[in-house]
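In what follows, every chain begins at residue 1, and chains take the letters A, B, ... in the order their sequences are listed.
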Number of protein chains: 2
Amino acid sequence: MTGSPHAPPLACRTLAEAVAALRQRGLRLSTSRKLVLEALFATDNPVSSEHLAGQLGMDLSTVYRNLEEFERQGLVRHVHLGHSPGLYALTGHADREYLYCEQCGAIKALEPHELDTVRDTVHERFGYRARFTHFAIVGTCPECLRG
Amino acid sequence: MTGSPHAPPLACRTLAEAVAALRQRGLRLSTSRKLVLEALFATDNPVSSEHLAGQLGMDLSTVYRNLEEFERQGLVRHVHLGHSPGLYALTGHADREYLYCEQCGAIKALEPHELDTVRDTVHERFGYRARFTHFAIVGTCPECLRG
DNA sequence: ATACTTGCAAATGATTTGCCAGTGT
DNA sequence: ACACTGGCAAATCATTTGCAAGTAT
């Protein structure tokens, strides 16, 4: 979770695919490494390092070291919704972007293309190509706007 | 810098105005408190707690406690650009929003209204009212897009 | 006079690192 | 075999909290 620019995404649909890709890049596939990958493939949502370590019964530092390596390879990314710690997900599996309501904490996950209009608007006006995969879009949800 | 929803903004143009507003709300105006306010009024950019503590020669915890109080009053807000720690600024003075380039670290500050089209797009499509004052918009700047 | 503020030190939460024993290739 | 990986403990970074002494009202 270092501040360095991100590796190009390494999208893998299956565990086998990911293992192959990592092998090809010369990485060793230890038991813990495979467990972390499995866990990431098994869930639909970004998960915390804490959660992974607990669930897999392995040391937090090991989890972090593996996630770090996976991020370096572009296989994994982490997101920040409100003020919470980083949450990790597979790049290819969870290219979602999030709307976070700061009043009620509601989180709306968006499929990869759903923010394209927004992205285009930003691009037209400022020339920046935006990604909302690192920081959620924070605001007020429809319900709280009414209330 | 707690996760709680924000107080309504308390926009003050001058130090005197801010002092008056805080007094009115029953807050004591200690020397350190005034120093922090002065420092915030003196700069155009969001600053780190560290920076304030150093510059003003006061304890970090005092700085944090004051910033916390000011945020509670809606006078101050903090922003996160990339992975860096929180940066603090006066609400009324720095209602800016930021575009952050994750390749080169470039930061573009936008005036309050400049993202309105973007905000409207988000609102039309998802009903959310977005604020980019807490998390910058992260992406790739025009220069890096070319390179 | 009294309640709020300070500095200092120690606690916290998230993440990182050192080290040495263990394991994948 | 040998370089890489794991667990454990300690370090770090940003931020928070406890406490006794000091200060604003």
Peer 1: Which donor-acceptor pairs under 3.5 Å do side chains of residues 26-35 of chain A form with protein atoms, sequence neighbours excluded?
Peer 2:
{"from": "A:S30", "atom 1": "OG", "to": "A:R33", "atom 2": "N", "distance (Å)": "3.3"}
{"from": "A:R33", "atom 1": "NE", "to": "A:N66", "atom 2": "OD1", "distance (Å)": "3.1"}
{"from": "A:R33", "atom 1": "NH1", "to": "A:R28", "atom 2": "O", "distance (Å)": "3.0"}

Peer 1: Roughly how many Å is it from CD in B:E69 to C1' in D:dT16, rounded to a whole number?
Peer 2: 15 Å
Peer 1: Separation of A:L35 atom CG from D:dG6 atom C1', in whole Å?
Peer 2: 12 Å
Peer 1: Sequence neighbours left out, what pairs pass salt bridge (Lys or Arg N to Asp or Glu O under 4.0 Å) with at least one residue falling in residues 104-113 of chain B?
Peer 2: B:R96-B:E111
Peer 1: Using whole Å, what does the distance between atom C1' of nucleotide C:dT15 and atom CG of A:L87 come to?
Peer 2: 14 Å
Peer 1: Look at the rings of A:H83 and B:H80 and say which category their plane angle falls in: under 30° parallel, 30 to 60° tilted, over 60° perpendicular.
Peer 2: perpendicular
Peer 1: With A:A136, which residues qualify under side chain to side chain contact (heavy atoms under 4.5 Å, CB included), at least two apart?
Peer 2: A:L81, A:Y98, A:Y100
Peer 1: With sequence neighbours left out, what residues match B:E124 under side chain to side chain contact (heavy atoms under 4.5 Å, CB included)?
Peer 2: B:D120
Peer 1: Over how many whole Å does the gap from B:Q73 atom CD to C:dC4 atom C1' extend?
Peer 2: 14 Å
Peer 1: Just how far, in rounded Å, is C1' of C:dG13 from NE2 of A:H51?
Peer 2: 19 Å
Peer 1: Let me know the distance between CG of A:L52 and P of D:dG6, rounded to the nearest Å.
Peer 2: 14 Å
Peer 1: Any side-chain hydrogen bond (donor to acceptor under 3.5 Å, both in side chains) involving residues 137-147 of chain A? Give me the pairs, sequence neighbours left out, ordered by first then second residue.
Peer 2: A:Q103-A:T140
Peer 1: Given the rule that a pair is Watson-Crick or G-U wobble with both distances under 3.5 Å, how would you write DNA chain C in dot-bracket, using | for pairs to a different strand?
Peer 2: ||||||||||.|||.||||||||||
Peer 1: Just by protein heavy atoms under 4.0 Å, how would nucleotides 17-25 of chain D read 5' to 3' in B, S and -?
Peer 2: BBB---BBS
Peer 1: Which residue pairs satisfy the side-chain hydrogen bond (donor to acceptor under 3.5 Å, both in side chains) criterion with at least one member in residues 50-60 of chain A, sequence neighbours excluded?
Peer 2: A:H51-A:Q55, A:D59-A:S61
Peer 1: Rounded to whole Å, how long is the line connecting atom CG of A:L67 with atom C1' of D:dG6?
Peer 2: 15 Å
Peer 1: In whole angstroms, how far is the C1' atom of C:dG22 from the CE atom of A:M58?
Peer 2: 15 Å
Peer 1: Which residues satisfy the side chain to side chain contact (heavy atoms under 4.5 Å, CB included) test with A:T117, sequence neighbours excluded?
Peer 2: B:T121, B:R125
